[in-house]
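All figures in this text were calculated on a predicted structure; none of them were measured in a lab.
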Amino acid sequence: MSLPWHIPLEGLSKSKGKGDGVQPTALKHYSNLCVHDNPCEELQMGLMCDIGMHNKEPVMIQRLIAAGMTIARLAIRDLEPEVCSQLVQSVREAVYSYSVDLKFIYPLAVVVDIQNPQIVTGELKGGPDATVELLENEIIRLTTGTGWSRCGTAERLYVGWENLTKLHQGDLIFIDSLTPGIVTLVVSEVGEISVECVVSTGGTIGSKMTVRLSQVPLEVDSVPSSACSDGLQQSLQHIEGQIAWAVGSDVDALLIANVQTAQDIRHVRSILTSKGKENVLTLASIDTVLGIDNIQDIIDEANGIYLDRTLLSTDLPVEKVFIAQKLIMAKCMEKGKPCICKAVINEQVPTLCMTDIANLVLDGADVLSFEFYFDSSVKKLAPSYEPLRMAEQCLIAAGIVCRQAERILWQPQMYGNLELTQTPLEEPTKAICISAVELAMRSRASVIICLTNSGRTAKLLAQVRPTRPVVAVTRLCHTARQLRFWRGVRSLHYFDEPSKDWSKEIDCRIQSAVDYCKIKRILRTGDAYIVLNGSRRGVGYCDSVRLLYASSLDVVPVT
């Protein structure tokens, strides 16, 4: 190891000194910004992309990884189990090929949606391919009578939910539409087996359309099994079947749709526990006002939160969606849980989309989720239009905006989570992590390196919101992939042969992290860095913090 006073002045990094000082107020910080400064060297937050039938080829997935994708969300809804397994295999092949090119393992996390039993409409009179148009201010009657389950019309439609008649006058009912927007119905009269509704927002619907209710709690047992699709897809429609398939496919996280209470999360976790897969992350999607009302209990129970503001706006007034966004992000940061927000990049006019992405970064989002339409209508008008190339460009552009936003983040005088630093620390790992972050701030260290197995130390470091990135070195590939959900954490999968000498093992892992940081240009000659590790094998937590300096050599052999 070389110390700063052992290195010629011309060998020291020139980046220090500029931008290191923290302004006392946000006003002064933003007034001193310069639009000509370059973005951060490395992206700190994660980028999630949907992988489905339109981009299932390993070559296409590998191109998205190269563009910046860190988390793959598998769109397996309405797919047969065999097709879903092929989709997972394509993702694994793409990761393997990309890792070979990089000469180190690229940890790509895989997320699968878990759909609770849904309320759906029946079939239409003209058959499975028939459609009907619901016009604004027209009257439609929704019924639970099974006689209408295969002959729905614009005047009467079957809904497979036995508690339909328990609704009240003025309740809102949302039905997915085949046209842009969502069909909105207002209950005007409640009968014995049906409810009469007024069409508030019209649209075109088909058979088996999803029905959502506003501010009405749903009990899982109240949704009949007949509401689910028949055939091979039935095993994936049932929640236990979905979880069993996901566990068998070795996914890293489950995204649970329409979570309204903490009991929804506990139900999924109980199934995971029964299968011996407690380490799989559970992410709660907040889609309704009831989910927001119970957000504190949900955050306590779940491993993270997913927020789709477009879907939330169907149950919450549009002018209040941004309040829910601020509320959820703040509570997630308090608990150290990742918050995933869905973002949109418009292919034609991206300016406002880029501003929204930057604001999500400044608000504290950990991961941005993108859904690219590979069957875009633009392809019919322009034969030269290549959806995959457009998705790559949008993803790269989003990464650049995120790095620009991360560069201008105002770090308050007291770093990170004030409540965490001021409360008594009964747990030794928290005390060590806070000490490490404070040491990194005072020594102006370029990176914090932690050696971890479960990833908990890296998660606690991320909760303190350090001003420098965290590199987590782990031997567990599952841990390396899951850490992609925490902002500011870069996971390094270390797979060399373990050494019997624990001190040598530690030095080898640290050196691999230093080499990684130098390749990524996070660490330069003479830069300080912090190391957290256990002083002996099997200690159970990181009990050692050290301040070291980067050597001028690319690789320092350990003997």
Inset, instruction - Flag yes if more than 12 heavy atoms outside Tyr96 fall under 6.0 Å of its OH atom; otherwise flag no. - result: no
Inset, instruction - Report yes or no: does Ser99 contribute a side-chain atom to a donor-acceptor pair with the main-chain N or O of Tyr106 at less than 3.5 Å? - result: yes
Inset, instruction - Please confirm whether the backbone N or O of Leu523 pairs with a side-chain atom of Ser446, one donor and one acceptor, at under 3.5 Å? - result: no
Legend entry - Ion pair Arg481/Asp250, N-O distance below 4.0 Å: yes
Legend entry - Phe372 six-ring centre to Arg389 NZ/CZ under 6.0 Å and within 45° of normal: no
Legend entry - Test item: Asn32 side-chain N/O and Lys28 main-chain N/O as donor-acceptor pair under 3.5 Å: yes
Inset, instruction - For Asn55 and Arg63, test the side chains for any donor-to-acceptor distance below 3.5 angstrom and give the result as yes or no. - result: no
Legend entry - Sidechain-backbone polar pair: Gln463 side chain, Glu334 backbone, donor-acceptor under 3.5 Å: yes
Inset, instruction - Verify the distance criterion only: is there a donor paired with an acceptor across the side chains of Asp507 and Gln511 at less than 3.5 Å? - result: no
Inset, instruction - Taking atom types as modelled, find out whether Asp101 and Gln62 have a side-chain donor-acceptor pair closer than 3.5 angstrom. - result: yes
Legend entry - Salt bridge present between Arg403 and Asp37 (N-O < 4.0 angstrom): no
Legend entry - Six-ring centre of Tyr516, Arg490 cation under 6.0 angstrom, axis tolerance 45°: no
Inset, instruction - Could you tell me whether a side-chain N or O of Asp366 sits under 3.5 Å from a main-chain N or O of Cys339, the two making a donor and an acceptor? - result: yes
Legend entry - Distance in Å, Thr25 OG1 paired with Tyr30 OH, rounded so as to fall on 0.5 Å steps: 11.0 Å
Legend entry - Arg484 side-chain N/O to Ile71 backbone N/O, donor-acceptor pair under 3.5 Å: no
Legend entry - Residue of the set Val95, Leu87, Leu74 for which side chain to side chain contact (heavy atoms under 4.5 Å, CB included) holds with Val110: Leu74
